[in-house]
Amino acid sequence: MNTAPFIAVEGPIGAGKTTLACMLSERLSLSLVKEIVEENPFLGKFYEDKDEWSFQLEMFFLCNRYKQLEDTEKKYLHKNAPVISDYHIYKNVIFAERTLEGKKLEKYRKIYQLLTEDLPKPNIIIYIRASLPTLLKRIKKRGRPFEQQMDELYLEQLIKDYETAIKQIKKDDPSLPIIEINGDQEDFVLSEAVFNRIADQVKEYIG
Ligand SMILES: Nc1ncnc2c1ncn2[C@@H]1O[C@H](COP(=O)(O)OP(=O)(O)OP(=O)(O)O)[C@@H](O)[C@H]1O
Ligand SMILES: Nc1nc(=O)c2ncn([C@H]3C[C@H](O)[C@@H](CO)O3)c2[nH]1
């Protein structure tokens, strides 16, 4: 079990996780762990044909995050250095439960359990909640080509899946600090005051 602050920023696609994680990493001198996106060989294919590519994609994300978190433990947490990551490992389950079914989902659950049981788990979560119009606006603004035909139903389901997952995480561990941000209204990019408030809240937890 790690005792160093390990913060995970979570929320649905385009909520602003990477943006906020980078800003907080700089402000609070935290080591930053960022999800691999551009080098992912299956993401574009997945958005073209989800049924065909979902298992490959979910496994790629899982193995990648496994390696990143293994390294994070060795390089930082083990040495008591605080870390902020733009994802929580549980994100794998949120997506896989939505994109996989039948035998593939069963296999995935087993592999997830095996790979993640001894990985470090975040001890602070920042959850950015945002509505469909806000997410679509941000995905468009970011302009990744393979995300521009984003299925709105998929995104809407993920918004709900995230809500369910956060409720479950709270139930499983009521003492886990979760900082919740209303991404539609609390704009930490445009408003210095909003960002300062979030940074102060995080600072209180990490001491
Ligand atoms: N509060 C905000 N106000 C305005 N624009 C924002 C805000 N937060 C993020 N953005 C912009 O929205 C886009 C998506 O942000 P970002 O990449 O941080 O999201 P993400 O949650 O990490 O996405 P993903 O789930 O795809 O990893 C970027 O272009 C970013 O500059
Ligand atoms: N299917 C699936 N499973 C995941 O674990 C996962 N994690 C991120 N993503 C997608 C969302 C953004 O398009 C892009 C960047 O976050 O990658 C995922 N998609």
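Note: hydrogens, waters and symmetry copies are ignored here, and every other heavy atom, side chains too, is used. Order of listing sets the numbers, starting from 1, for every ligand and every atom in it.
Of the options Glu186, Lys17, Arg142, the smallest heavy-atom separation from atom 25 (O) of ligand 1 is shown by Lys17. Taking each of Lys50, Arg144, Arg98, Glu35 in turn, the one with a heavy atom nearest to atom 16 (O) of ligand 2 proves to be Glu35. Of the candidates Arg144, Glu35, Lys141, Lys141 brings a heavy atom nearest to atom 4 (C) of ligand 1.
Taking a cutoff of 4.0 Å between a charged side-chain nitrogen and a carboxylate oxygen, Lys45 and Asp49 do not qualify as a salt bridge. A salt bridge links Arg27 with Glu192; the closest basic N to acidic carboxylate O contact falls under 4.0 Å. We find that Glu35 and Lys17 are not joined by a salt bridge, their nearest charged nitrogen and carboxylate oxygen being 4.0 Å or further apart. A salt bridge links Glu186 with Arg197: at least one charged nitrogen is closer than 4.0 Å to a carboxylate oxygen.
For Phe46, the closest heavy-atom approach to ligand 2 falls below 4.0 Å. Distances from ligand 2 to the non-hydrogen atoms of Arg65 include at least one value under 4.0 Å. Under the 4.0 angstrom criterion for non-hydrogen atoms, Lys137 is not in contact with ligand 1. Using a non-hydrogen distance threshold of 4.0 Å, Gly11 does not register as a contact of ligand 1. Heavy atoms of Ile13 come nearer than 4.0 angstrom to ligand 1 in at least one pair.
Listed by number with element, the atoms of ligand 2 under 4.0 Å from a non-hydrogen atom of Tyr154 are 1 (N). Close approach of ligand 2 to Tyr47 (heavy-atom distance below 4.0 Å) involves ligand atoms 10 (C), 11 (C), 12 (C), 13 (O). The atoms of ligand 2 that sit less than 4.0 Å from any heavy atom of Glu58 are 1 (N), 2 (C), 3 (N), 4 (C), 5 (O). Counting atoms of ligand 2 from 1 in the listed order, those under 4.0 Å from a heavy atom of Val37 are 15 (C). Residue contact check: Lys91 has heavy atoms under 4.0 Å from atoms 7 (N), 8 (C) of ligand 2.
Residue Glu73 comes nearest to Pro120 through the heavy atom pair OE1-CB, 3.5 Å, listed as atom of the first residue, atom of the second, then distance. Heavy-atom minimum distance, Leu32 versus Cys22: CD2-SG, 3.8 Å. Nearest heavy atom pair, residue Leu100 against residue Ser54, reads CD2-OG, 3.5 Å.
Annotation: Thr19 places an N or O atom under 3.5 Å from an N or O atom of ligand 1; distance criterion only. By the 3.5 Å distance cut-off applied to N or O atoms, Asp187 is counted among the residues near ligand 1.
Asp71 has its side chain within reach of Lys67: a pair of non-hydrogen atoms, C-beta onward, lies under 4.5 Å apart.
Between Phe55 and Tyr108, the angle of the ring planes goes over 60°, which puts this pair in the perpendicular group of the 30/60° scheme. Using a 30° and 60° split on the angle between ring planes, His88 and Tyr90 fall in the perpendicular class, above 60°.
Looking only at atom types and distance, the side chain of Gln148 has no donor-acceptor partner in the side chain of Tyr47 under 3.5 Å away.
With a heavy-atom cut-off of 4.0 Å, Leu57 touches ligand 2 through its side chain alone. Under 4.0 angstrom from ligand 2, the non-hydrogen atoms of Leu43 all belong to its side chain.
Distance from atom 19 (N) of ligand 2 to its nearest protein heavy atom, with residue and atom name: Phe95 CD2, 3.4 Å. With hydrogens left out, the protein atom closest to atom 9 (N) of ligand 2 is Phe61 CZ, 3.5 Å, a heavy atom. Of the protein's non-hydrogen atoms, Gly16 N, 3.2 Å is the one closest to atom 19 (O) of ligand 1. Counting only heavy atoms of the protein, atom 12 (C) of ligand 2 lies nearest to Glu147 OE2, 3.0 Å. The protein non-hydrogen atom at the shortest distance from atom 10 (N) of ligand 1 is Arg138 CD, 3.6 Å.
No option in Ile84, Leu77, Leu30 other than Leu77 meets the side-chain contact (heavy atoms from CB on, under 4.5 Å) test with Phe6.
Within 6.0 Å of CD on Gln157 lie more than 12 heavy atoms contributed by other residues, nucleotides or ligands.
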